[in-house]
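Structure first, commentary second.
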There are 2 protein chains.
Amino acid sequence: MFIEIQTNSSVPIYLQLAQQLIEGIARGELKPGDSLPSVRAFAADLGMNMHTVNKAYHYLEEKEFIQIVAKSGVIIQPNGIPKATAQEQQKLAEQIRPLIAEGLVLKLSEEEMVVMVRQLVQNIKEGTS
Amino acid sequence: MFIEIQTNSSVPIYLQLAQQLIEGIARGELKPGDSLPSVRAFAADLGMNMHTVNKAYHYLEEKEFIQIVAKSGVIIQPNGIPKATAQEQQKLAEQIRPLIAEGLVLKLSEEEMVVMVRQLVQNIKEGTS
DNA sequence: AAATGTGTTACAATAGAAGTAGAACAAAAG
DNA sequence: CTTTTGTTCTACTTCTATTGTAACACATTT
């Protein structure tokens, strides 16, 4: 899968990488059991430091989207990623909340924001920007 | 209006303050032309440093939600806050996108996320958590 | 006019975290 | 045994958040 990093973005490289991998999973391009490149190989491939890739991997591991198997490599959660717990969903909502509030202040209607979300879902699934 | 700061949160104080003011505007509790406390008074009231309040104010000013009028204080955008431009909406979408992607990975359906957004809109308008 | 109160801006300083990177290490794989 | 792999330790630089102090602007009071 293609990874595209914007070095002058305010969002750190490791996060950009992690987010793009998340989108890869969301879109089904990365399936349970698939293996990801080693930190070194990936880093060399992307022209970044090993630690940056490592950090992205650990970020994803903490969310339990992947498994890091010591000395052997990294694979997408092989038994499939379980559905969000109430707690995870709550946490997600908390993160979205200030953005919705901002939308409201900018006079976006509930419907407009719903449309925005639907659009985003489509874009992610299609891999379009 | 009622401000509640959590000092042990990972989200910085000035941002918590700004976000709560934004919610105040969204919920209509703060109307165009309303004035906000001076940096010093507000800081004393909330038990924080004036610069922290100042930073929140400037954050909101940059978004053009308020006007900082030198010497006379701070007021909510008196002519009403204009509807989001295409660019602002785009930017909002960009910020929401990684969260939606994460939701998808956690097997939340498009409908579930739409419901989540509608719920958030209600909560914000009601001022509930 | 001078003083005082109220409020903003500017400069400084600090502590801490974040982002990125190099080198050495131990275990697994081949 | 050699190569590969994730881990660990260290290190450096840059941001960030917060606070402190002082200077400045203006209106009102004395």
Side-chain angles (χ1 to χ4, degrees), chain A residues 3-22 30 33-78 94-95 98, chain B residues 1 3-22 30 33-78 95 98:
Chain A
I3 302 288
E4 207 169 339
I5 301 297
Q6 299 188 325
T7 48
N8 53 349
S9 163
S10 74
V11 31
I13 301 177
Y14 85 93
L15 245 193
Q16 290 186 48
L17 175 54
Q19 283 170 352
Q20 292 192 38
L21 290 173
I22 287 176
L30 296 172
D34 282 2
S35 67
L36 292 175
S38 79
V39 283
R40 284 173 219 271
F42 212 177
D45 188 22
L46 298 173
M48 63 182 69
N49 190 276
M50 166 189 70
H51 295 297
T52 307
V53 177
N54 198 245
K55 192 160 187 178
Y57 278 177
H58 279 275
Y59 176 83
L60 295 173
E61 187 192 32
E62 199 171 319
K63 291 190 186 292
E64 299 186 13
F65 293 171
I66 65 173
Q67 271 182 19
I68 300 177
V69 197
K71 314 301 176 197
S72 138
V74 171
I75 57 177
I76 308 293
Q77 218 36 277
E94 264 170 34
Q95 292 179 83
Chain B
M1 98 164 249
I3 302 287
E4 205 169 343
I5 301 297
Q6 297 186 328
T7 47
N8 53 349
S9 163
S10 73
V11 30
I13 302 177
Y14 84 93
L15 244 194
Q16 290 185 48
L17 176 54
Q19 283 170 353
Q20 291 191 39
L21 290 174
I22 287 177
L30 296 173
D34 282 1
S35 67
L36 291 174
S38 77
V39 183
R40 272 192 163 102
F42 213 177
D45 188 22
L46 297 173
M48 63 182 67
N49 192 277
M50 97 180 104
H51 295 301
T52 308
V53 177
N54 199 244
K55 190 161 186 178
Y57 279 176
H58 280 276
Y59 175 83
L60 294 173
E61 187 191 34
E62 198 170 319
K63 291 192 187 292
E64 299 186 14
F65 293 170
I66 64 174
Q67 270 182 20
I68 301 178
V69 204
K71 190 45 227 100
S72 117
V74 171
I75 57 176
I76 308 294
Q77 224 25 285
Q95 292 179 84

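Numbered from 1 within each chain, the chains take letters A, B, ... in sequence-line order.
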To the nearest angstrom, the NE2-P distance between His58(B) and dT16(D) comes to 17 Å

Take the protein atom CE of Met50(A) and the nucleotide atom C1' of dT8(D), then report the distance between them rounded to whole Å.
10 Å

dT4(D), OP1 or OP2 - any side-chain N/O from Ser38(A) closer than 4.0 Å?
no

Is the phosphate of dT19(D) approached by Thr52(B) (side-chain N or O, under 4.0 Å from OP1 or OP2)?
yes

Which is true for Tyr14(B) with a 4.0 Å heavy-atom rule: it touches a base, it touches only sugar-phosphate, or it touches nothing?
sugar-phosphate

Report the residue (Pro37(B) or Ala70(A)) whose heavy-atom-nearest nucleotide on DNA chain C is the more 5′ of the two.
Pro37(B)

To the nearest 0.5 angstrom, please state how far the NE2 atom of His51(A) sits from the NE2 atom of His58(A).
11.0 Å

May I ask you to check whether Gln67(A) and Glu61(A) show a side-chain donor-acceptor distance below 3.5 Å?
no

Length of the CD1-P vector between Ile13(A) and dG19(C), whole Å
10 Å

Rounded to the nearest Å, what distance is computed from the CG atom of residue Asn54(A) to the P atom of nucleotide dA21(C)?
13 Å

Grab the OH-P distance between Tyr57(A) and dT7(D) for me, whole Å please.
11 Å

Any side-chain N or O of Lys55(B) below 4.0 angstrom from OP1/OP2 of dT18(D)?
no

Listed partners of Gln19(A) passing side chain to side chain donor-acceptor pair (under 3.5 Å), at least two apart:
none

In whole angstroms, the gap separating P of dT16(D) from CG of Asn49(B) amounts to 19 Å

No-H, no-angle donor-acceptor pair, His51(A) side chain to dG19(C) base, under 3.5 Å
no

Would you mind reading off the distance between Leu17(A) atom CG and dT20(C) atom P, rounded to a whole angstrom?
11 Å

Specify the separation, in whole Å, of atom CZ of Arg40(B) and atom P of dT8(C).
8 Å

With the side chain counted from C-beta on, respond yes when Asn49(A) and Asn54(A) share a heavy-atom pair under 4.5 Å apart, and no when they do not.
no

Show every donor-acceptor pair shorter than 3.5 Å between a side-chain atom in residues 9-17 of chain B and any protein atom, with sequence neighbours excluded, or say none if there are none.
unit_1, atom_1, unit_2, atom_2, d
Ser9(B), OG, Val11(B), N, 2.9
Gln16(B), OE1, Gln6(B), N, 2.9
Gln16(B), NE2, Gln6(B), O, 2.9
Gln16(B), NE2, Val11(B), O, 2.8

